[in-house]
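In what follows, residues are counted from 1 in the order of the sequence shown. Just so you know, these numbers use all the heavy atoms, side chains as well, and skip hydrogens, waters and symmetry mates.
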Amino acid sequence: MLINLLSIITGFVITIISVFGIGYSNATVEIVEAKLDKKFSSIAKKIMFISILLLITIIFFYDIRKNEIIRFIMLDGLLYIILQFMVFGIIVFKMFEYNISESKSEYKQSEKQTNEIINLLKKIAGEEKINTGNYEECKKFNENMAKK
């Protein structure tokens, strides 16, 4: 049962590290700007290191009930991992909530920027009659590409 619990915790942490570590998100930017990125990484590293260490201990010392020192270390390590995992989970859910709440404003900003670019291109095409034909060709090409 401990192996399953530690495997689930390890898998969750690896997934979160890969999602937030590879991709860009508003929450990760906020964490970096607040200079909390090292603390967040430290929590993840500690959880990973100790859970893998405990997994190895359980696998190789499968009868930990006989050895009091190993049993004590296992119990302390397990409690530490569970507490750190709870802190890590709370942080991750806060990041998730922040990303969700910011997605609408980010979408509106992107839409506004796209409209500004389109209006600027229309002005350029309207002011110079020479470029009107090129503008119309590009517009038709973009519309055809969007349909595909």
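For Glu111, the side chain to side chain donor-acceptor pair (under 3.5 Å) partners two or more places apart in sequence, or in a different chain, are Tyr107. Remark: Ile69 engages Asn67, Ile73 in a side chain to side chain contact (heavy atoms under 4.5 Å, CB included) (not counting sequence neighbours). For Asn99, the side chain to side chain contact (heavy atoms under 4.5 Å, CB included) partners two or more places apart in sequence, or in a different chain, are Phe20, Ser25, Asn26, Ala27. Scored by the side chain to side chain contact (heavy atoms under 4.5 Å, CB included) test, Tyr80 finds Lys46, Ile50, Gln84 as partners (sequence neighbours excluded). Partners of Ile17 by side chain to side chain contact (heavy atoms under 4.5 Å, CB included), not counting sequence neighbours, listed by chain and number: Val13, Ala44, Met48.
Leu5 is connected to Ile56 through a chain of hydrophobic side-chain contacts under 4.5 Å among Ile, Leu, Val, Met, Phe, Trp and Tyr, so both are in one cluster. Note on Ile59: it clusters hydrophobically with Leu54, by side-chain heavy-atom contacts below 4.5 Å among ILVMFWY residues. Hydrophobic clustering, with ILVMFWY side chains joined whenever heavy atoms are under 4.5 angstrom apart, groups Ile43 together with Leu53. The cluster map of Ile, Leu, Val, Met, Phe, Trp and Tyr, joined by side-chain heavy atoms under 4.5 Å apart, puts Ile82 and Ile8 in different clusters. In terms of hydrophobic clustering, with Ile, Leu, Val, Met, Phe, Trp and Tyr side chains grouped at heavy-atom distances under 4.5 Å, Val92 and Met86 are assigned to a common cluster.
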Quiz item: Could you walk me through whether Ser105 and Glu102 pass the side-chain contact (heavy atoms from CB on, under 4.5 Å) check?
Solution: CA-CA 5 Å; Ser105 64; Glu102 290 294 312; 3.5 Å; yes

Quiz item: Do Thr10 and Ile47 pass the side-chain contact (heavy atoms from CB on, under 4.5 Å) test, and can you show the C-alpha distance, the side-chain angles, and the key distance before you say yes or no?
Solution: CA-CA 8 Å; Thr10 304; Ile47 293 171; over 6 Å; no

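Between Ile91 and Lys94, every side-chain heavy-atom pair lies at or beyond the 4.5 Å cut-off. A heavy-atom distance below 4.5 Å is not found between the side chains of Ser41 and Lys38.
For the pairing with Asp37, the side chain to side chain contact (heavy atoms under 4.5 Å, CB included) check across Thr28, Val32, Val29 returns one residue only, Val32. Among Ile16, Ile14, Ile9, the single residue meeting the side chain to side chain contact (heavy atoms under 4.5 Å, CB included) criterion with Phe12 is Ile16.
In this structure a side-chain-to-backbone donor-acceptor pair under 3.5 Å is missing from Ser110 to Glu106.
Rounded to the nearest 0.5 angstrom, Ile58 CD1 and Leu78 CG are separated by 7.5 Å.
Contacts classified as ring-ring contact (aromatic ring centres under 6.0 Å, His included) and involving residues 25-51 (residues at least two apart or in different chains) are given here: Phe40-Phe88.
In Gln109, the CD atom is not crowded: 12 or fewer heavy atoms of neighbouring residues, nucleotides or ligands sit closer than 6.0 Å. Remark: Tyr98 OH is packed, more than 12 non-hydrogen atoms of other residues, nucleotides or ligands lying under 6.0 Å away. The neighbour count for Gln113 CD, taken as heavy atoms of other residues, nucleotides or ligands under 6.0 Å away, does not exceed 12.
Closest non-hydrogen pair, Leu55 versus Ser7, comes out as CD2-OG, 4.1 Å.
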